[in-house]
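Written below as structure tokens is the structure these notes are about.
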Amino acid sequence: MHEMSLAEGVLQLVEATARRENARRVKTVVLEIGRLSSVEPEALAFCFEAVTHGSLAQGAALEIVAVPGQGWCLPCGATVAMAALWGACPRCGSHQVQPTGGTEMRVKEIEIE
Ligand SMILES: [Zn+2]
């Protein structure tokens, strides 16, 4: 389960920010998860709760924003919506689609107090 190491990475970033700002605790963490990033939002939320235990981010609300997948279809020469990594182009059915968006996970916002 690679979500555990991702959750640890998120926590490191969140804690570094919280310390820099002299925060007492972290209230909310907003994460953007691309639909093509192969990150399971539910698994990540579960891991986040586990790794934040005993940290400044314990009890922080985790908000997950799903970012739609996007790709560039070679035969169409167009940017198309992608439902899955290595999915077919919705216009021509080709699998020669290069993912261009929604492939990453990133911390969008951290709310502290
Ligand atoms: Zn196409």
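When a ligand or atom number is given, it counts from 1 through the structure's own listing order. Heads up: numbering here begins at 1 and tracks the sequence.
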Self-check item: Within 6.0 Å of CD in E111, more than 12 heavy atoms from elsewhere
Solution: yes
Exercise. With sequence neighbours excluded, tell me which residues meet side-chain contact (heavy atoms from CB on, under 4.5 Å) with V14.
Key: V10, V26, V29, A57, I110
Quiz item: Closest heavy-atom contact between A45 and L62?
Solution: CA-CD2, 3.6 Å
Practice problem: Below 2.8 Å of the Zn ion (ligand 1), tally up the protein N/O/S atoms for me. | Solution: 4
Exercise. Give a yes or no on whether E104 atom CD has more than 12 heavy-atom contacts from other residues, nucleotides or ligands under 6.0 Å away.
Key: no
Quiz prompt | Pair V97-V80, side chain to side chain contact (heavy atoms under 4.5 Å, CB included): steps then yes or no | solution = CA-CA 9 Å; V97 186; V80 294; 4.2 Å; yes
Exercise. Would you give the length of the straight line joining atom CD of E3 to atom CD1 of I33, rounded to the nearest 0.5 angstrom?
Key: 8.0 Å
